[in-house]
Every structure is written in structure tokens, then in C-alpha cells.
Amino acid sequence: MSVRVRFAPSPTGFLHVGGARTALFNWLFARHHGGQFILRIEDTDRKRLVPGALEDILDSLRWLGLNWDEGPEVGGPYGPYIQSQRLEIYREHAHRLVAMGHAYYCFCSEERLERLRREQEARKQPTGYDRFCRYNVSPEEAQRRIAAGEPFVIRLKVPLEGTTTFHDLVHGEISVQNRTQDDFVLLKSDGYPTYHLANVVDDHLMRITHVMRADEWIPSTPRHILLYRAFGWEPPQFAHLPIILSPTGKGKMSKRVLQEQGRWETAVFVRDFREEGYLPEALVNFLALTGWAYDDKTELFTVEELIEKFDISGINPKPAAFNYEKLEWMNGVYIRRLTPEALAERLCPYLEDLGLHPDLETLRRAIPLIQERIKTLREGAEMLEFLWKEDVSPVLEDLVPKGSAPEQVRVWLTEALRALEGLPEFTHEALEAALRGLAERLGVKAGTLFMAIRVAVTGRRVTPPLFESMALLGRQRTLTRLESAIRLLEQVPSSER
RNA sequence: GCCCCCGUCGUCUAGUGGCCUAGGACGCCGCCCUUUCAAGGCGGAGAUCAGGGGUUCGAAUCCCCUCGGGGGCACCA
């Protein structure tokens, strides 16, 4: 039988890296086995729907390269793939379970359930439904009350004894006593299914063979097994993935936790990583490695290699902290491996985000200057910003090296200006020769002089190599920038010179 | 409170009874290169395998207990 797996997000927020990793593992597993990867949208909670979330999930998945064989926009033989469009199916299945004697109608009000829970908590007893309607409402009475328009839910008759056991592909044998499970709701009073019902019905109808999902579902898996049995269906295989923790290993990967821990990182959604200039292939490689390992040395994998090597047995059951530094390093590696043309192309959107309109020729020549010194595309765009910016507006404290006076720097820059004006050729070699000579004549350390010029010309202390940068900028703009830096220094009150 | 899961360097991990005086990677430190920042090269620190008991000739690996961390207990997913 062919492998069929699914990723089933709820459109209640943007796609989180944790969700992305779940999707990735499912996708890799499907591709490895030549099976199908299905995308199903679980939007049965109408109160928590977030506008734009579905689009973000689809976009993020596509950006990562995780294409789906069946699902929204592509269709498939078991559709529709959006649960809100399958309501009739769940309703029919829930009622069928009642007819089979495995489920029952419950008319308990929310107030009664709330009171019940409070009492249980007060007595420090396990909370859960007390099965009132299972024992006290006959099928005939139930029919009468439904006909009279009374709201109801459908609950599963959970066996009172015995244990439910399943073999998890990551965690091994897991078993739970049935008496610790209450008669959970299958169909809500608004006619919508709960996650449990919709999930099981769809996984069965869509012929899902392996359910790979987040760890947090382990406690409800026995319920799902019970549901499969009630229907008389064969349950799929389960593999529960450990969650991704914040970099400290304490707390979830969320904006709030990151902030509370005083971290510099802020990205938690796939779109955040995209905005910061991470390459999708680097994120994929990194994500594959959090919670999974192939051997004791391989770290860099192409997608094809990942597909070839991926195996559930390599999944670590331990929750993993998200290591931003390693992701940065890996992104740098991927950037360095890009062809210059590819890097130029990928950089463009980030330059445009800075409000720049780069000319391709300059960009092409600038790439070799930054390729090995950036970790993200955004960083690359920022590093090249000076090439197209109208005014780089250096700040005084960057312009004046420690231990120097503004007046000194003014003299240096003026001398530099003079030297460059008459330069026959405005090339890297000519610039270097001229400015090294100048440093010597001035009796200044080359590095110190260069830093002042660097800041004057680019507005920053961290830049691509100076002479290449100036050559790229061109004589005219270089001189103009030196002039404005000199003017800035002239404005310093004489007492501070 | 009840139920479940997890526990090897700061972090990601290799390890499935002897090859482990525990290997790799990120990060960190030092040196080299160097016009800034990187990249690169070389070297280094860093884990009594959560703790305690067993089993065994032999345990990070098997068993038990304890501790610590996480998750679940909704007409949310």
C-alpha cells in the first residue's frame, strides 16, 4: 500500500516553524516512499479563525518548497480538503455511531458541565463528563427532545474498563487506562465536529497511512484509537513529533517567550524568517536537523539528500531548543554556495524593501564583495545600501576614530579628496596605492585612515572592502560624500575640535 | 489533583551491552591571515551520559526508584 500522509493545520494563525517542521517531516516521509502528501485545513473552530492565516500557511509551505499532492487549490480524489466544506460527512458519521450504539446524544448544558468541573476540582478529583445522559436519557426520550428542537451534542461511549494501547513510531508503546478517559464530544451543538471526530473520519476517508503530528496529541491518541474501533476501522500508524522549544530550552517558541527571556531573536513564523533573509533551502535543512539526525557527521543536506535519507527511526523523542546561531551559520553556508547570479537575484527583493532601485550591472559586480561576509539576505541588502542611497549620512562618532580629533580627520579627508580628484584611473589598485601613500605621508596608520574614509563614503563601519566599494561607487559620488563628511566636521564647534 | 511524555558538552546531536579515557556540528576562547566585517586555516576549553540503586565479567546503552523539565485533562485545535 502506498504511503499517504497529511499536514492538517488550523487557520488560526501564521505558519509557525514548529508547524513547518511537522509539515516537512510528513513531506519528506511521503517523498521518500514515493507516496502522497496531503494538505487538509482543519477550520472547524469558527471562533478562532484568523483572516489571512490560510493564505499565509499556503504561501509559507510553497516558499519552503513543500508541495502537496492533494489539498486546497490542487484538489484530489478525496476532497474537499477543507473541513468546513465537509460538515455533512461528519454529521452523518456521528449519527451513524449513535445508531451503532457507540455514541449517544447529550443534552447537558454548558452551565451544568461548568458546575461539574468546578466541583471536581474542589474535591481534587479528575475532571471529566460524568456520563449523565449516557445513563439517564433513553433513545426514545432523546429523539423526542431533538424533535422538540433542544440543542444537543453527540458523545462517544468510552469503554469503562480496559486499556488502550498503541505503538508510536517515535515513542514506542504507549498505553492509557480507559477509565481515565471521559465520554468526549464528537459533534458540537452547532453541528460542527470536534477535532477528534473530523480528524479520524478524514484520516480514514482520505486513506491516511501514517499520522505524524505534534507531541501534544499523544494524550488524545487513545481516544482516536477508540473512535477507529467504534467505526470498525483500522487505525493508521502514529508518530508523535517532539515540540520545538525556545533557544534556552525553556518554554515554547513564541514571540512572547522570546521577549520574556530577553532574547535578540524575534522570528517564530515562517514569514519572519523569510523577511529576515533566510533561504528556504537553509531553513529546510536546519528544520530537518532539529529533532532528526542522519548520522554523527552530516549536517548539510540538499532536499534530494534529505528525501533519500529521511527516516522516522532517526527522529529524537526529546524536545529540541531552537538554535538560531546555527541557523544563521547554515544560512551563510547556503549563501556562499549560491552562484553570484542567483545571489543577485535573491537580493533584489530585499534591496527593494529598503526603497532602493539597484542597477543590475553594479549589483552584479558587488556580489563577490559581500557573498562571503553575510549571513542573511537582509544583511546583504543593508551592506550594499550605500551604492544606491542618495545620502549616506554618517554620524560624527563613527567618523572620528577613538583617540583622534575631528579637526585631524577633517584634514585627512581633505587630503584624501585632493589625492582622489587627480587620480588618472578610479580603480581598486589605483585607489589603494594612492590612499596607502597618503597614510604614510600623513603619518597615520592605514587602518585608521581607511576607517574614516569608509564611514564618510558608506555611512557605516562595517562594509565590503573599501577600495572596491569606492571604485563601484564611482569617482563623482565618492568625492561628493567626502565633501559632505568634511562639511560635517567643519560644523563641529571649535572647542571640540 | 489526575494522566502521559522527555532527560548525553551552553545548544543541535552520534551512540541500541565491550570499538566510549563518549565522536561531530553551532556557539565560545586563542593564534594565523587582514583596510572594517566576514570567510578561511590551525589549536583549545566544554558532558563524572539528571541522581541513586540493581542486572552483568562489562552499562550512556537493560530493570527499578527518585529528582528535574514538558505536555494533556474544553461543545480549541
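Keep in mind the model is a prediction, meaning the values are calculated, not measured. Sequence lines set the chain letters: A, B, ... in the order given, protein chains first and strands last, and positions in each chain run from 1.
Look at CE on A/Met383: it is 11 Å from P on B/C37, rounded to the nearest Å. To the nearest angstrom, P of B/C12 lies 18 Å from CG of A/Asp295. The nearest whole Å value for the distance from the CG atom in A/Leu289 to the C1' atom in B/U13 is 8 Å. Computed from coordinates, the A/Asp182 CG to B/C3 C1' distance equals 12 Å when rounded to whole Å. A/Glu150 places its CD atom 17 Å from the P atom of B/C75, with the value rounded to the nearest Å. Between A/Phe322 atom CZ and B/U13 atom C1' the separation is 16 Å, expressed in whole Å. Counting to the nearest Å, the P atom of B/C5 and the CZ atom of A/Arg213 are 15 Å from each other. Protein atom CD1 of A/Ile243 is 16 Å distant from nucleotide atom P of B/C5, rounded to whole Å.
Aromatic rings from A/Phe25 and A/Trp292 are positioned such that their centres are separated by 6.0 Å or more.
For A/Ser189 against B/C75, a side-chain-to-base donor-acceptor contact under 3.5 Å is present. With hydrogens and angles left out, the side chain of A/Arg454 and the base of B/U35 share a donor-acceptor pair within 3.5 Å. Side chain A/Arg461 to base B/U35: no donor-acceptor pair is found below 3.5 Å.
Residue contacts for A/Gly249: at a heavy-atom cut-off of 4.0 Å it reaches no nucleic acid atom on any strand shown. If you check every strand for non-hydrogen atoms under 4.0 Å, A/Val153 touches a base. Within 4.0 Å of A/Pro464, counting heavy atoms only, lies at least one base atom of the nucleic acid. Heavy atoms of A/Gln83 sit nowhere under 4.0 angstrom from any nucleic acid atom. Residue A/Arg460 is out of contact with every strand shown, counting any heavy-atom pair closer than 4.0 Å. Contacts of A/Pro319 with the nucleic acid, taken as non-hydrogen atoms under 4.0 Å apart, involve only primed sugar atoms and P, OP1 or OP2. Within the 4.0 angstrom heavy-atom criterion, only backbone atoms of the sugar-phosphate kind lie near A/Glu42; the bases stay farther away. Among the heavy atoms of the strands lying under 4.0 Å from A/Ala321 are primed sugar atoms or P, OP1, OP2 only; no base atom is included.
Side-chain atoms of A/Tyr324 come within 3.5 Å of backbone atoms of A/Ala267 as a donor-acceptor pair (strictly under, hydrogens ignored).
The shortest distance between the side-chain N/O atoms of A/Asn316 and the OP1/OP2 oxygens of B/A14 is below 4.0 Å. The side chain of A/Arg123 places no N or O atom within less than 4.0 Å of a non-bridging phosphate oxygen (OP1 or OP2) of B/G1. Distances shown here put every side-chain N or O of A/Arg223 at or beyond 4.0 Å from the OP1 or OP2 atom of B/C73. Under 4.0 angstrom from either OP1 or OP2 of B/C76 there lies no side-chain N or O belonging to A/Ser10. Between A/Arg48 and the phosphate of B/A77, there is no side-chain N or O to OP1/OP2 separation shorter than 4.0 Å. OP1 and OP2 of B/U13 both lie 4.0 Å or more from every side-chain N or O belonging to A/Lys297. Contact annotation: A/Lys188 side-chain N/O to B/C76 OP1/OP2 distance is under 4.0 Å. Phosphate proximity of B/U35 to A/Arg436: present, with a side-chain N or O under 4.0 Å from OP1 or OP2. Within the structure, every side-chain polar atom (N or O) of A/Ser220 is placed at least 4.0 Å from both OP1 and OP2 of B/C73.
Comparing A/His171 and A/Phe107 along RNA chain B, the residue whose closest nucleotide (by nearest heavy atom) sits nearer the 5' end is A/His171. Heavy-atom nearest nucleotides on RNA chain B were determined for A/Ile218 and for A/Lys250, and the one closer to the 5' end corresponds to A/Ile218.
Distance check on atom P: B/C76 versus B/G70 gives 27 Å, rounded to whole Å. Taking atom P on both nucleotides, B/G24 is separated from B/G44 by 11 Å, rounded to a whole Å. Here, B/C4 and B/U66 have their P atoms 14 Å apart, quoted to the whole Å. A distance of about 34 Å separates the C1' atoms of B/U11 and B/C2, rounded to the whole Å. The same atom, P, is picked in B/G72 and in B/U16; the two are 33 Å apart, to the nearest Å. Comparing the C1' positions of B/G68 and B/G27 gives a spacing of 25 Å, expressed to the nearest Å. Annotation: B/A47 and B/G10 have their C1' atoms spaced 11 Å apart (nearest Å). Nucleotides B/C49 and B/A22, compared at atom C1', are 8 Å apart to the nearest Å.
Remark: B/C73 base-pairs with B/G1. Criterion, Watson-Crick or G-U wobble with two distances under 3.5 Å. Both distances falling under 3.5 Å, in either a Watson-Crick or a G-U wobble arrangement, place B/C28 opposite B/G44. Using N1 to N3 plus N6-O4 or O6-N4 for Watson-Crick, or N1-O2 and O6-N3 for G-U wobble, each under 3.5 Å, B/C49 pairs with nothing. Using Watson-Crick or G-U wobble geometry with both donor-acceptor distances under 3.5 Å, B/A14 finds no partner in any strand shown. B/G7 and B/C67 make up a base pair, with Watson-Crick or G-U wobble contacts both under 3.5 Å.
For A/Leu466, taking side-chain heavy atoms from C-beta onward, the closest of the listed nucleotides B/A77, B/C75, B/U35 is B/U35. Distance from the side chain of A/Pro317 is smallest to B/G7 among B/C4, B/G7, B/C75. Of the candidates B/A25, B/A77, B/C4, B/A25 carries the atom nearest the A/Trp329 side chain, counting heavy atoms from C-beta on. Residue A/Glu325 has its side chain nearest to B/G27 when only B/G71, B/G27, B/A74 are considered. Closest to the side chain of A/Asn323, from the set B/A39, B/C26, B/C4, is B/C26. Minimum atom distance to the side chain of A/Pro219 is reached by B/G72, of the listed B/G24, B/G72, B/C2. Distances were taken from every side-chain heavy atom of A/Thr180 (C-beta onward) to each of B/A39, B/C3, B/U35; the shortest belongs to B/C3. When each of B/A25, B/A77, B/U13 is scored by its nearest atom to the side-chain atoms of A/Lys318, the top-ranked nucleotide is B/U13. You'll find that the side chain of A/Lys375 is closest to B/A39, out of B/G24, B/G71, B/A39. For A/Asp215, the side-chain atoms get nearest to B/C5 when compared with the rest of B/U36, B/C5, B/A25.
Taking the six-membered ring where the residue is Trp, A/Tyr105 and A/Phe107 present tilted rings, their angle falling between 30° and 60°. Relative orientation of the A/Phe322 and A/Phe273 rings is tilted, given thresholds of 30° and 60° on the angle between their planes.
A side-chain donor-acceptor contact under 3.5 Å links A/His196 and A/His224. Side chain to side chain, A/Glu161 and A/Asn178 fail the donor-acceptor criterion of an N or O pair below 3.5 Å. In this structure, a donor-acceptor pair under 3.5 Å is present between the side chains of A/Asp183 and A/Tyr104.
Between A/Ser10 and A/Tyr195 there is no side-chain heavy-atom pair separated by less than 4.5 Å.
In this structure, A/Arg155 is positioned above the aromatic face of A/Tyr129, its NZ or CZ under 6.0 Å from the six-membered ring centre and within 45° of the axis. Geometrically, A/Arg112 engages A/Phe132 in a cation-pi contact defined by less than 6.0 Å to the ring centre and at most 45° from the axis.
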